[in-house]
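We use all heavy atoms of the structure for the numbers below, so side chains are in, but hydrogens, waters and symmetry mates are not. Computed from a prediction, not measured in an experiment: that's the story for all the values here.
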Amino acid sequence: GGDEEYGLISELITSMVGIKAEDSLDERRDKLMRLHELGLEKHEVHFVGELAGTRFDGSGIEAFDAQARRLGMFAALRKAVERLAKERPLILAFEDLQHADLLSRDALEFLLDAVPERRLLVILTYRTEFKHRWWDRAWYNQVVLKPLNNDDSLTLARACFSLEHVKKQGSGSELSLAGPDAIKLPKKLGQVILETAGGNPMFIEELCTALVRTAKVTVEPGGMLKLG
């Protein structure tokens with residue numbers, strides 16, 4: 001979340017080394033040590049572990065001042081990504097940067113310096129109000145998504161309602177049986193979605209998710225969606 005230190009980067013690292021939520025501390029450490037096979041020194045693996053919220057006994061990292069520890073973590077992370085990209089083309093995707101914590105944003109910016117020299121594609125999604133400092137870099141290309149028209153907005157809303165309800169109720173729910181194409185939205189609800197989201201697909205998804213979480217969703221005979 002936005003208040004968690006290095007939350008976005010921690011997710012990247014756990015994905016890179018295959019850490020699972022149920023892993024013990026020793027299992028997390030063992031998986032992180034696989035980075036040693038990529039050529040990272042032991043102390044660099046320890047720095048990466050700090051970013052992932054996993055400290056190694058005897059690492060001595062606490063002896064570094066805040067600035068030195070931060071630079072050490074960032075450099076170790078970039079080295080790990082560079083080594084992976086050297087082995088094979090690598091794609092990294094980060095969603096909703098506007099929600100990322102500030103420390104993750106700083107780490108990401110440091111990581112992006114590796115892009116021009118490696119077989120590395122970084123995909124970033126964020127809202128238009130998100131401010132960043134890489135807009136003038138030669139390798140950066142921005143794709144602005146235009147607002148969806150009304151028909152496409154409502155099609156996306158039906159799909160979001162279907163997906164979120166299935167997550168909440170299970171695969172045996174009436175929505176999973178009907179499928180998004182068979183769902184009909186009440187006219188008033190559709191109008192609220194169009195007016196509130198303004199064709200922004202992220203807003204549509206967030207709105208539908210919030211409604212499913214806070215209301216009882218049922219499908220009446222004929223496919224009409226009903227929020228209780």
Do you know which of L154, L189, I204 makes side-chain contact (heavy atoms from CB on, under 4.5 Å) with L194? L154
Quick one: which of D57, L40, T54, I61 gives a side-chain contact (heavy atoms from CB on, under 4.5 Å) with H46? I61
Which pair of non-hydrogen atoms, one from A114 and one from R118, has the smallest distance, and what is that distance? O-CG, 3.3 Å
Report yes or no: do L121 and L124 belong to one cluster of Ile/Leu/Val/Met/Phe/Trp/Tyr joined by side chain heavy-atom distances under 4.5 Å? no
Using side-chain heavy atoms (C-beta onward) and a distance below 4.5 Å, is F94 in contact with I123? no
Does this structure show an ion pair linking R70 with D106, if we count only N-O contacts that are shorter than 4.0 Å? yes
Report yes or no: is the cationic atom of R78 (NZ for Lys, CZ for Arg) under 6.0 Å from the centre of the six-membered ring of F110, at an angle within 45° of the ring normal? yes
Are any side-chain N or O atoms of D23 and backbone N or O atoms of K20, one a donor and one an acceptor, separated by less than 3.5 Å? yes
With E109 via side-chain contact (heavy atoms from CB on, under 4.5 Å) - residues at least two apart: R133, W134, R137
State, to 0.1 Å, how close L8 and D101 come at their nearest heavy-atom pair, and which atoms those are. N-OD1, 3.9 Å
On a heavy-atom basis, the closest approach of F64 and R69 is O-NH1, 2.8 Å
Only counting residues at least two apart or in another chain, list the ones meeting side-chain contact (heavy atoms from CB on, under 4.5 Å) with R34. K31
Can you name the closest pair of heavy atoms from L35 and V45 and give their distance? CB-CG2, 4.1 Å
Minimum heavy-atom separation for L51 and S10, please, with both atom names. O-CB, 3.5 Å
Flag the pair H132 / Y126 as yes when their ring centroid distance falls below 6.0 Å, and as no otherwise. yes
